[in-house]
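First the structure, in the form of structure tokens, and then the observations on it.
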Amino acid sequence: MNKKILVGGAWPYANGSFHIGHLASLLPGDVIARYHRACNDKVYYVSGSDCHGTPVALRAKAEGKSPQEISDKYHEEFVDCFNRLGFSYDCYTKTSSKEHKDFIRDFHKELYKSKYVYEKTTPQAYCECCNTFLADRFVTGTCPKCGAPARGDQCDACGTVLDPENLQSPICAVCKNPVTFRDSTHLYIAISKLEKELKNLLDNNTNWRKNAVAFTKRYINEGLRDRALTRDLDWGIPVPKEGYENKTIYIWAENVLGYLSASKIICDKRGESFEELFGENAKHYYVHGKDNIPFHTIILPALLISHGKGLHLPDQIVSSEYLTLEGNKISTSRNYAIWVKDLLDKYDPDSLRYYFLANGPEKKDADFSWTEYVNNHNGELLGAYGNFINRSLSFINKYLGGYVPEGNISPEWEDDLRKLYTSTADRIEKGNIKDALEGIFEIIRKANKYFDQEQPWKSRTCDPSACSNTLYNCTQIIANLAVLLSPFLPFSSEKVCRWLNINTDWKFKTVASYFKLPEIEILFERLDKSVIEEEKSKLVNLS
């Protein structure tokens with residue numbers, strides 16, 4: 001029986017363009033989804049644009065537009081970027097969609113019956129100047145614990161989880177004026193009462209990334225805090241409860257549930273069971289950046305448990321570290337960033353995917369460097385992989401009439417390739433995407449050495465049988481490399497698979513002797529080194 005696999009990619013916030021930090025954290029999700037499809041598993045790869053909340057409302061106000069207009073604009077940009085990058089979402093939606101809002105209202109109605117949900121009156125930060133209640137992270141001030149500048153939800157310097165009223169000298173992050181506090185009654189979820197369940201979830205999942213384990217342990221050890229489910233904001237999903245008509249569901253209590261609402265859209269379209277996908281026989285991956293860890297290891301599980309229907313809890317947390325840019329922190333507010341839509345206008349999507357998967361912040365912080373990007377593209381992607389394919393298949397077309405010659409795959413190569421399917425699968429399933437890609441490129445480098453050692457350009461005239469056998473083996477290697485790389489480099493893999501008339505099922509491939517090759521084109525163009533200074537000069541380094 002095929003496994004049911006949910007892959008949830010973090011929902012980018014629809015108040016600004018998509019940058020390389022977002023891309024680096026989300027790409028592993030597409031690799032995982034494509035791999036499981038190749039294994040013939042039932043895959044539900046979901047994400048969407050996070051459209052509600054204060055940041056969208058404030059941006060809309062600044063631009064004289066409605067929050068819907070702002071969020072729709074960036075949603076469309078995200079969809080375009082993901083399509084051009086080859087992200088294979090089964091459902092990419094948005095939190096402002098009717099399907100999501102209907103699902104959330106139904107979920108929350110059930111949630112409010114839970115023993116873990118209660119009413120509480122608390123002071124809420126209000127900006128008289130902006131004439132609005134503020135989300136916690138839009139209140140800034142001084143951390144009462146370490147004295148560093150901090151937001152109203154957390155101090156990045158010491159890691160203390162805060163409430164805005166705890167800050168010293170709190171001000172509005174937008175207009176910089178002092179904030180006041182007004183009492184307001186809200187629904188809260190008693191996360192503090194779920195410590196045992198959340199600790200069990202952590203202890204029973206051995207494949208979480210180390211940063212997810214460390215962060216979650218710290219949050220639990222420092223004492224879990226209850227969180228408000230509702231908020232005094234206009235832009236959001238109305239609270240489905242009498243007496244709360246003027247309030248909306250707090251963004252954190254609905255955006256993480258987008259994984260469920262998007263999954264339901266797929267299940268309904270396919271005529272499949274949502275309950276089975278969120279039952280005990282499924283496997284769920286959640287792919288996101290470091291700053292989203294608590295939302296996936298504390299908040300989402302707390303909502304699922306409190307809902308009371310036995311919904312499947314996260315299995316695999318694939319959380320990346322931070323990406324910097326030319327040695328400095330990415331800053332969207334200072335325009336120190338590389339926007340993905342601009343990259344895609346100039347660079348091959350497989351080239352971008354290769355770089356961010358091979359050099360991304362998988363288990364430690366990483367830096368994007370234009371020098372490294374160009375050298376990686378020219379040296380590895382083009383110089384090693386593209387060159388091996390081109391020199392092998394072009395040789396067959398030029399000297400062997402375009403027909404795959406007779407030969408026998410060597411036992412060593414067959415063993416290497418079969419083992420590579422197993423090791424790559426194991427690494428992908430554990431979220432070790434960088435190791436998986438490096439393992440494949442080790443074989444690519446070995447393949448180039450094999451071609452050089454066998455010297456088919458010489459044996460073509462002095463030992464035609466050896467030449468034929470060499471090129472037969474090279475063809476089999478290429479076929480299997482294309483399949484193994486298809487989750488990572490879908491566009492170039494699709495071309496190679498089409499040339500060799502093979503599919504991307506996760507199985508050892510053989511291309512028969514006398515198969516006629518089509519005309520072969522170069523897979524990757526060389527990048528001129530002038531690109532490095534040209535691109536670096538565009539960066540306004542304000543760090």
Side-chain angles (χ1 to χ4, degrees), residues 3 5-12 20-36 43 45-47 87 154 156 159 161 197-222 224 252 255-256 258-259 282-304 312-324 329-330 353 355-368 423-440 487-488:
K3 290 183 284 187
I5 305 292
L6 173 67
V7 183
W11 294 47
I20 58 171
H22 301 132
L23 173 58
S25 67
L26 292 178
L27 262 174
D30 189 59
V31 175
I32 293 166
R34 285 178 177 274
Y35 156 74
H36 276 289
V43 175
Y45 181 26
V46 302
S47 186
F87 275 69
Q154 183 176 321
D156 288 337
V161 177
E197 290 87 346
L198 294 171
K199 194 170 186 310
N200 283 341
L201 176 66
L202 174 64
D203 293 342
N204 291 331
N205 284 281
T206 56
N207 286 328
W208 287 13
R209 290 261 176 93
K210 285 184 179 177
N211 58 3
V213 172
F215 264 69
T216 307
K217 273 184 181 173
R218 198 191 79 198
Y219 282 115
I220 292 172
N221 292 339
E222 286 180 356
L224 293 166
W252 67 264
N255 54 13
V256 291
Y259 299 118
K283 182 174 183 181
H284 292 193
Y285 295 86
Y286 290 95
V287 183
H288 49 83
K290 185 177 186 175
D291 51 350
N292 276 328
I293 288 171
F295 295 101
H296 294 85
T297 65
I298 300 288
I299 301 299
L300 176 59
L303 290 167
L304 297 177
H312 193 99
L313 301 179
D315 294 304
Q316 195 102 341
I317 299 295
V318 185
S319 44
S320 66
E321 296 285 338
Y322 292 130
L323 183 74
T324 53
K329 186 177 179 181
I330 293 171
R353 288 173 68 107
Y355 179 86
F356 287 108
L357 290 167
N359 305 280
E362 185 170 290
K363 292 177 183 172
K364 61 181 181 179
D365 291 353
D367 183 58
F368 177 87
S423 62
T424 304
D426 181 64
R427 287 163 174 164
I428 292 174
E429 288 182 26
K430 289 178 178 172
N432 298 327
I433 309 302
K434 190 180 288 191
D435 289 348
L437 192 53
E438 174 55 28
I440 297 170
F488 307 88

Before accepting this row, confirm whether a basic side-chain N of the pair D30/R353 lies closer than 4.0 Å to the acidic partner's carboxylate O. yes
All heavy atoms of W252 vs all of I299, minimum pair found to be CE3-CG2, 3.0 Å
**Request:** State yes or no: are the ring centers of H288 and F295 separated by less than 6.0 Å?
**Result:** no
| request: Please examine the side chains of L304 and E197, heavy atoms only from C-beta on, and report whether any two atoms are closer than 4.5 Å. | output: no
So CG of N221 and OG1 of T216: to nearest 0.5 Å the spacing works out to 10.5 Å
d(N200 CG, N205 CG) to nearest 0.5 Å is 10.5 Å
**Message:** Measuring only between side-chain heavy atoms, which start at C-beta, is L27 closer than 4.5 Å to F87?
**Reply:** yes
| request: Tell me, with the steps shown, if I32 and Y45 meet side-chain contact (heavy atoms from CB on, under 4.5 Å). | output: CA-CA 9 Å; I32 293 166; Y45 181 26; over 6 Å; no
Evaluate the criterion side-chain contact (heavy atoms from CB on, under 4.5 Å) for residue pair T297 and L202; output intermediate values, then yes/no.
CA-CA 8 Å; T297 65; L202 174 64; over 6 Å; no
Minimal heavy-atom distance between P301 and L198, with the atoms involved, is CB-CD2, 3.7 Å
By ring-ring contact (aromatic ring centres under 6.0 Å, His included), Y219 pairs with (sequence neighbours left out) none
K430, NZ atom: more than 12 neighbouring heavy atoms under 6.0 Å:
no
**Study point:** Heavy-atom neighbours of K283 NZ exceed 12 at 6.0 Å
**Key:** yes
- Less than 4.5 Å apart, any side-chain heavy atom of V318 and any of R209? yes
Taking the side chain as C-beta and beyond, is there a heavy-atom pair between N207 and D315 under 4.5 Å? no
Between L323 and I330 the two heavy atoms that sit nearest each other are O-CD1, 3.5 Å
Inset, instruction - Would you indicate whether the side-chain heavy atoms of K217 and V213 approach each other to under 4.5 Å? - result: yes
>> Using side-chain contact (heavy atoms from CB on, under 4.5 Å), reason through V31 and I428 one step at a time and then give a plain yes or no.
In response: CA-CA 8 Å; V31 175; I428 292 174; 4.2 Å; yes
Margin query: Quick check: do F215 and D291 have side-chain heavy atoms less than 4.5 Å from each other?
Written below: no
dist Y286:OH -> Q316:CD (nearest 0.5 Å) comes out at 12.0 Å
d(S319 OG, E362 CD) to nearest 0.5 Å is 10.0 Å
Output for pair (I293 CD1, I298 CD1), nearest 0.5 Å, gives 11.0 Å
For this session: Kindly assign one of parallel, tilted or perpendicular to the pair H312 and H284, based on the angle between their ring planes and the thresholds 30° and 60°.
Result: tilted
Across all chains, not counting sequence neighbours, the salt bridge (Lys or Arg N to Asp or Glu O under 4.0 Å) partners of E321 are K290
Nearest heavy-atom contact between N211 and S320 is ND2-O, 3.4 Å
Between the CD1 atom in I440 and the OG1 atom in T424, the distance rounded to the nearest 0.5 Å is 4.5 Å
Hey, does Y35 have a side-chain heavy atom less than 4.5 Å from the side chain of I5? no
Closest heavy-atom pair, I317 versus A212, reported as atoms and distance to 0.1 Å, is CG2-CB, 3.5 Å
G439 and R427 have their tightest heavy-atom pair at CA-NH1, 3.7 Å
Can you tell me how the ring of Y285 sits relative to the ring of H36, calling it parallel under 30°, perpendicular over 60° and tilted otherwise? tilted
K434 meets the salt bridge (Lys or Arg N to Asp or Glu O under 4.0 Å) criterion, sequence neighbours left out, with none
